[in-house]
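Side chains are part of it too, since the values below use all heavy atoms of this structure and drop only hydrogens, waters and symmetry mates. In what follows, chains are A, B, ... by sequence order, proteins preceding strands, each numbered from 1.
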2 protein chains.
Amino acid sequence: MATPAKVTKTEGKNNHDAADEQADKEQQEAIEQIDEVQNEIDRLNEQASEEILKVEQKYNKLRQPFFKKRSDLIAKIPNFWVTAFVNHPQVSALLTEDDEEALQFLTKVEVQEFDDIKSGYTINFCFDSNPYFDNEVISKEFHLNDTGEPSSKSTTIKWKEGKDLTKKPTAAQKGKKRSHDDQESFFCWFSDHADAGADELGEVIKDDIWPNPLQYYLASEIDEETGAGDED
Amino acid sequence: MATPAKVTKTEGKNNHDAADEQADKEQQEAIEQIDEVQNEIDRLNEQASEEILKVEQKYNKLRQPFFKKRSDLIAKIPNFWVTAFVNHPQVSALLTEDDEEALQFLTKVEVQEFDDIKSGYTINFCFDSNPYFDNEVISKEFHLNDTGEPSSKSTTIKWKEGKDLTKKPTAAQKGKKRSHDDQESFFCWFSDHADAGADELGEVIKDDIWPNPLQYYLASEIDEETGAGDED
Ligand SMILES: [Ca+2]
Ligand SMILES: [Ca+2]
Ligand SMILES: [Mg+2]
Ligand SMILES: [Mg+2]
């Protein structure tokens, strides 16, 4: 931060007389007063933030019954979530064929922001019983602690024997099952806590899919119906 | 958006029987109901945005008298603004030596957000009479129209004869005044409307300097005092 700022202060006078002293003192007082005014402004900014947070919390509560109702309706539609994910450009890119198979058992996705909103959120993935793992719910939680340090943690997935999609296939298996198979499984995301502060998939689900999953589900519906062109 | 979503719908049955018809109908109804719930959620989101905007507007008003008071105090400190600019890493990089000379006549900077906040802001630069131009105020205004299209416009600077800092020096002048002089003047920013939607300097002034200019002014004070080490 070494800058040529000095040039703006000295004005070519070399002797520091009484008038200069007086001017210096007045400027110093002005600086102190600016600092006080700034404290008032900062206080107002904090009050504004708190008030905005309260509004967000209020609407978060008001939205809950609608999210509940939406989840109940979504549960009536087979493969709703896997279809929404497959139709989401960013998420789709993260899914292997095996992931898509496993995600057909995903019956409910829930995003829960913590009460104070600022400190984090949890995403719950609820599954029907399935041939891949024993969990009924797999969650990933994103947390900011008091000093703003991000962290994340997840449910440990209880894979069934030989079904762990996060394990790279062995050379022998690879031989059997030739495919474009260097891609990591979507399920690796649950044990990846390196980007807790800016988890791309977490934020896509929270900020893009969760606010309106139907639009992604329907993107496929449209493709299907115009593509197949059978009934009306 | 062509995706392999179809795979998730068909389940290996080829004949479309009465039970399938019934299931299709129920799913279609569920989709319509999700759409209705989604409309309710969207309405709540709009209400939340409006309420938050009202809070922001309220505090914008409450801050005004403090900004006014701060401006009056800043006016008592010679070279406050040029010092703050010179001490701001990003802004400093945009200033030529001539710019710094001209900005010593800058007595007031004002950021005014439009009443509805979302539609834009104006930055006013007020100058003492000076050897460079005749304007007392030079403004740049950033505006988003109803469709979200950004635009900006500025006061035309009335340069005094031979003082236009935005004119590249001629070869002859360059010969006389040898310097690192391919840098464009800060004042070119006023006639640059190419990046109205994401004007970097405009946003630095609005979001970084304006909220607390004293911190940048004081950055130089500290340098000076530790550097010179004269009085206490
Ligand atoms: Ca269909
Ligand atoms: Ca000093
Ligand atoms: Mg489906
Ligand atoms: Mg100064």
Side-chain angles (χ1 to χ4, degrees), chain A residues 1-9 11 23 26-27 29-31 33-35 37-38 40-42 44-45 47-48 51-52 55-56 58-59 62-63 66-67 69-70 73-74 76-79 82-83 86-87 89 92 97 100 104 211-215 217-221 223-224 227-228 231, chain B residues 1-9 11 16 23 26-27 29-31 33-35 37-38 40-42 44-45 47-48 51-52 55-56 58-59 62-63 66-67 69-70 73-74 76-79 82-83 86-87 89 92 97 100 104 211-215 217-221 223-224 227-228:
Chain A
M1 286 260 265
T3 61
K6 268 175 250 182
V7 80
T8 64
K9 299 287 288 200
E11 278 163 29
E26 279 170 18
Q27 286 179 36
E29 276 171 18
I31 290 172
Q33 288 166 348
I34 293 171
D35 189 49
V37 173
Q38 194 63 52
E40 299 286 344
I41 293 170
D42 293 347
L44 283 172
N45 292 344
Q47 279 176 33
E51 230 168 277
I52 286 168
V55 174
E56 283 172 349
K58 181 177 85 176
Y59 280 94
L62 289 172
R63 277 185 284 254
F66 296 100
F67 285 144
K69 206 167 158 184
R70 194 179 70 180
L73 289 162
I74 285 175
K76 294 184 181 180
I77 301 175
N79 290 323
V82 69
T83 305
V86 163
N87 281 314
S92 180
E97 280 175 41
E100 288 186 33
Q104 297 200 19
N212 187 347
L214 184 61
Q215 66 178 318
Y217 175 76
L218 289 177
S220 100
E221 287 292 296
D223 279 1
E224 251 191 298
E231 67 223 300
Chain B
M1 286 260 264
T3 60
K6 266 175 255 181
V7 79
T8 65
K9 298 288 289 199
E11 279 164 24
H16 202 73
E26 278 171 18
Q27 285 179 37
E29 275 172 17
I31 290 172
Q33 287 167 346
I34 292 170
D35 189 49
V37 173
Q38 195 61 53
E40 298 287 343
I41 293 169
D42 292 347
L44 283 173
N45 291 344
Q47 279 177 33
E51 229 167 278
I52 286 168
V55 173
E56 283 171 350
K58 181 178 86 176
Y59 280 94
L62 288 171
R63 278 185 283 255
F66 296 100
F67 285 144
K69 207 168 160 187
R70 194 179 70 180
L73 289 163
I74 285 175
K76 296 184 180 182
I77 302 174
N79 290 323
V82 69
T83 305
V86 163
N87 282 313
S92 180
E97 280 176 40
E100 287 185 33
Q104 298 199 18
N212 187 347
L214 184 61
Q215 67 178 318
Y217 175 76
L218 289 177
S220 99
E221 288 290 295
D223 279 1
E224 253 189 294

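Using a 4.5 Å cut-off on side-chain heavy atoms (C-beta onward), B/Glu40 and A/Lys69 make no contact.
When B/Glu29, B/Gln33, B/Gln27 are each tested for a side chain to side chain contact (heavy atoms under 4.5 Å, CB included) with A/Leu73, only one passes: B/Gln33.
One finds the CZ atom of A/Arg63 at 7.0 Å from the CG atom of B/Leu44 (value rounded to the nearest 0.5 Å). Note: B/Asn212 CG to A/Asp42 CG = 6.0 Å, rounded to the nearest 0.5 Å. In this structure, CG on B/Leu214 lies 6.0 Å from CG on A/Asp35, to the nearest 0.5 angstrom. From B/Glu51, atom CD reaches atom NZ of A/Lys58 across 3.5 Å, with rounding to the nearest 0.5 Å. A/Leu218 CG to B/Ile31 CD1: the interatomic distance, rounded to the nearest 0.5 Å, is 5.5 Å.
When B/Ala30, B/Ala23, B/Ala48, B/Pro211 are compared by the number of non-hydrogen pairs under 4.5 Å with chain A, B/Ala48 comes out ahead.
Interface residue B/Gln47: backbone and side-chain heavy atoms are both found under 4.5 Å from chain A. The contact between A/Gln38 and chain B is made entirely by side chain atoms (from C-beta outward), counting heavy-atom distances below 4.5 Å.
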